[in-house]
Engineer: 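Attaching a single structure in structure tokens format; questions to follow.
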Amino acid sequence: MALFISRPLSSSSALPKRYYLLSTTVSSLDHLGIGLNPPALAQPQTKKTFNSRRTALLEAGVVAADHAAVNSVKFLRHGLLDFVGGLRLAHTVAEAGVEEEEACEEDVWRRLQDEARSSIEQEPILSNYYHTSILRHPSLEAALANYLSTKLADLSLPTATLNDLFVNVLVENKDVVRAVEADLRAVKERDPACGSYSNCFLNFKGFLACQAHRIAHKLWSQGRNSLALLIQSRVSEVFAMDIHPGARIGQGILFDHATGIVVGETAVIGNDVAILHNVTLGGTGKMCGDRHPKIGDGVLIGAGASILGNIRIGEGAKIGAGSVVLKEVQPWTNVVGNPARVVGGKENPVKLDKKPSLTMDHTSNIADWYDYCV
């Protein structure tokens, strides 16, 4: 059975775009005489009218066709009601998801501002410092760009120039801003020395160096190598960390204490990784091209460890402090020593059941494996 609409449906410009399909569906029903409320088919007919109509249809020999048409229209109406209800539900769920995501994204910035105000109440002498660094800015991007440019500027590289550059990169690359927020949460949740987001944002050089690297990496990927390398040099001088702008770093990163960390050009660091001070992700000195380590998600690398060469450290692995790693490390295993050995042995390695970068447990399994202290 084919149904035709006698006139074209109009899309009112006053309605939002997402309601157009809903409005045209309702209009279609009205044109068919089966409006949503009340349905035309439900209107009572007198016995006389009904009998007259039935007689006419019998004479035309189309009673069966009429019943089929009426049933089809009823089915269409109920189907469209379900469809419209589904649209409303889907739209409600989608809007709720967007609102929840936006609330999550805004949470860190709002917390930063609240903590800054609280700190001013405790230490009024720092009022100008917190206003200049956080409270006077309209967004996390603006505050971070201002603070990094203040830290990294010198006589030949003015603060205003760097600020404009950093703001543009952050505004145009929302993935970088999401990574910044993830890093803030990671430090706050996993570093017991971090009492607040504002403390991390203003005082933790590992966090600040990581965000400067994210900006430099974007510039590097755009072919602006000279500018990216200049930022790397300033980060090395100011924060005592040397991360090549070509290195790729995930989200939720914790550079704990951070002094002396070195990350080579072709290194890759996954998500939710924790790296302590004096860690080197370097080359062997005898290779070109892709020559640096690849660190999986959830890896914990203890202080002073060196991982050399184009080798993979599997997801959830733990590298003991002071270890020298020259070969691939399997996921969810511990290695320790110089040269690094697998805790439990290669044949029966001790397996971790939680991401060590989230627990920040440096000694479990490793301490049990050794029965002596040096």
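For the single chain, residues carry numbers from 1 onward in sequence order. None of the values given here were measured: they were computed from a predicted structure.
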Engineer: Closer than 3.5 angstrom, by distance alone: can the side chain of H362 be matched with the main-chain N or O of I301 as a donor-acceptor pair?
Structural biologist: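 Flag not set: sc H362 to bb I301 has no pair under 3.5 Å.
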Engineer: Hey, any chance L219 and V167 share a hydrophobic cluster, counting ILVMFWY side chains that come within less than 4.5 Å of each other, even indirectly?
Structural biologist: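 L219 and V167: separate clusters.
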Engineer: Do the rings of H277 and H257 sit parallel, tilted or perpendicular, given the 30° and 60° boundaries?
Structural biologist: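 Taking H257 first and then H277, their aromatic rings stand perpendicular (interplane angle over 60°).
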Engineer: If you compare all heavy atoms of V263 against all heavy atoms of A247, which two are closest, and at what distance to 0.1 Å?
Structural biologist: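 Where V263 meets A247 most closely, the heavy atoms are CG1-CB, 3.8 Å.
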Engineer: Which heavy atom of A258 sits nearest to which heavy atom of K205, and what is that distance?
Structural biologist: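 Minimum heavy-atom separation between A258 and K205: CB-CG, 4.4 Å.
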Engineer: Assess whether salt bridge (charged side-chain N to carboxylate O under 4.0 Å, His left out) is satisfied between D114 and R117, documenting all intermediate values.
Structural biologist: CA-CA 5 Å; D114 291 342; R117 295 186 186 98; 3.2 Å; yes
Engineer: Return yes if some donor-acceptor pair links the side-chain N/O of N168 with the main-chain N/O of D164 below 3.5 Å, else return no.
Structural biologist: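 Answer holds: yes.
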Engineer: Side-chain contact test, heavy atoms from C-beta onward, threshold under 4.5 Å: evaluate it for I134 versus Y147 and give yes or no.
Structural biologist: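 Contact flag for I134/Y147 side chains = no.
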Engineer: Would a 4.5 Å heavy-atom cut-off, applied to side chains only, mark L300 and M360 as touching?
Structural biologist: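 Yes, their side chains come closer than 4.5 Å.
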Engineer: Do F166 and I231 come close enough that some side-chain heavy atom pair is under 4.5 Å?
Structural biologist: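 With C-beta onward as the side chain, the pair touches.
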Engineer: Using every non-hydrogen atom in the two residues, find where A216 and A228 come nearest and quote the distance to one decimal.
Structural biologist: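 Where A216 meets A228 most closely, the heavy atoms are O-CB, 3.4 Å.
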Engineer: Quick test of your reading of the model: are K174 and E181 salt-bridged, counting only N-O distances below 4.0 Å?
Structural biologist: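 Not counted as a salt bridge, because no side-chain N and carboxylate O are separated by less than 4.0 Å.
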Engineer: Please step through side-chain contact (heavy atoms from CB on, under 4.5 Å) for the pair H292 and L281, ending with a clear verdict.
Structural biologist: CA-CA 7 Å; H292 296 107; L281 305 181; 5.9 Å; no
Engineer: Do K318 and L352 come close enough that some side-chain heavy atom pair is under 4.5 Å?
Structural biologist: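 Touching, per the 4.5 Å side-chain cut-off.
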Engineer: Got I319 and V279 here, is their nearest side-chain heavy-atom distance under 4.5 Å?
Structural biologist: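 In short, these two side chains do not touch, never coming nearer than 4.5 Å.
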Engineer: Quick one, I295 and I307 - any side-chain contact, counting heavy atoms below 4.5 Å?
Structural biologist: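 Yes; the side chains approach each other to less than 4.5 Å.
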Engineer: Check whether N338 reaches the backbone of S323 with its side chain - one donor and one acceptor, N or O, closer than 3.5 Å.
Structural biologist: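 Pair absent, no side-chain N/O of N338 close to backbone of S323.
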Engineer: Would a 4.5 Å heavy-atom cut-off, applied to side chains only, mark R214 and I253 as touching?
Structural biologist: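 With C-beta onward as the side chain, the pair touches.
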Engineer: Does the side chain of D175 reach to within under 4.5 Å of the side chain of K218, using non-hydrogen atoms?
Structural biologist: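 In short, these two side chains touch, coming nearer than 4.5 Å.
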Engineer: Please check if atom CZ in R136 has more than 12 non-hydrogen atoms from other residues, nucleotides or ligands closer than 6.0 Å.
Structural biologist: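 Correct, the count exceeds 12.
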Engineer: Indicate if L208 and L157 have the same hydrophobic cluster label, given that clusters are the connected sets of ILVMFWY residues with side-chain heavy-atom separations under 4.5 angstrom.
Structural biologist: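 They do share one cluster, since a chain of ILVMFWY contacts under 4.5 Å joins L208 to L157.
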Engineer: Rounded to the nearest 0.5 Å, how far apart are SG of C200 and CZ of F207?
Structural biologist: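 Answer for the SG-CZ pair, C200 versus F207, is 5.0 Å.
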Engineer: List the atom of V342, the atom of P349, and the distance in Å for their closest heavy-atom pair.
Structural biologist: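 In this case the closest contact between V342 and P349 is CG1-CB, 3.6 Å.
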Engineer: Are I215 and W220 connected, step by step, through hydrophobic side chains (Ile, Leu, Val, Met, Phe, Trp, Tyr) whose heavy atoms are closer than 4.5 Å?
Structural biologist: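 Hydrophobic grouping puts I215 apart from W220.
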Engineer: Sequence neighbours left out, what passes side-chain contact (heavy atoms from CB on, under 4.5 Å) with S196? Give chain and number order.
Structural biologist: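 Counting only residues at least two positions away or on another chain, S196 forms a side-chain contact (heavy atoms from CB on, under 4.5 Å) with E115, S198, N199.
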Engineer: Does atom NZ of K351 have more than 12 heavy-atom neighbours from other groups under 6.0 Å away?
Structural biologist: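 Result for NZ/K351: enclosed.
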Engineer: I'd like to know if the side chain of N225 and the backbone of L227 have a donor-acceptor N/O pair within less than 3.5 Å.
Structural biologist: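 Side chain of N225 to backbone of L227, a donor-acceptor pair under 3.5 Å: no, none is there.
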Engineer: Thinking salt bridges, do E237 and R234 make one under a 4.0 Å N-O criterion?
Structural biologist: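 A salt bridge is present here (some side-chain N lies under 4.0 Å from a carboxylate O).
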